[in-house]
Amino acid sequence: MTDQEKIRQAVRLFLEGIGEDPEREGLKDTPDRMARMCSELFRGMDEDAGVHLARTFSSDKSEMVLEKDITFYSMCEHHALPFYGKAHIAYIPDGKVVGLSKLARTVEVFARRLQIQEQITGQIADALMEYMQPKGAIVMLEAEHMCMTMRGIKKPGSQTVTLARRGLFEEDPSLEARFFRLLGR
Ligand code: ZN
């Protein structure tokens, strides 16, 4: 059975499980639509951050590079509901910089999977350190979790904030302060 067929069968069973009729007109094509949607929502499973981050070019600049407000969408692995928000990434180059679009692509690689927010944050920071070898990197994610807003404790608008620091950002608090200042916090 192909992966797509597994999803289609599972969705049919799911629809029956919630008391629906998978054959009624509005739902007839839903298993197929969801199977196709999954290849977009979870495409990060087949991607490797190294492909994007290894495309560096040399630079003698050692000033902090910040890319902020990168919109991302992910799916929480506990409830399979979306969480989404903004990623902010900064690094201190050590002879190498990367095109800014590659940072956004790196966020996509880790966000387009079943995830937990803390883990994406750490994975982005680790990928930067591994593939670009900067002097330091810091990653902050701010997101709203549908599993907290449409079910459970129901706190619409509440934001979960996660932070990962690597290298110089772990050692020098003034760099972290500068990151927050540049973010406007
Ligand atoms: Zn959840």
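Counting starts at 1 for both ligands and their atoms, in listed order. Computed over heavy atoms, backbone and side chain alike; hydrogens, waters and symmetry mates excluded.
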> In Å, rounded to the nearest 0.5 Å, how long is the span from OH of Y131 to CZ of R55?
13.5 Å

> Nearest 0.5 angstrom please: L128 CG to D126 CG, how far?
9.5 Å

> For the Zn ion (ligand 1), what is the number of protein N, O or S atoms at a distance under 2.8 Å?
3

> Excluding sequence neighbours, so at least two apart, what forms side chain to side chain contact (heavy atoms under 4.5 Å, CB included) with R105?
H52

> Does a side-chain N-to-carboxylate-O contact under 4.0 Å join R24 and E20?
yes

> Give the C-alpha distance, both sets of side-chain angles, the deciding distance and a yes or no for salt bridge (charged side-chain N to carboxylate O under 4.0 Å, His left out) between E63 and R178.
CA-CA 11 Å; E63 279 295 310; R178 182 129 183 272; 3.3 Å; yes

> Can you tell me how the ring of F83 sits relative to the ring of H145, calling it parallel under 30°, perpendicular over 60° and tilted otherwise?
parallel

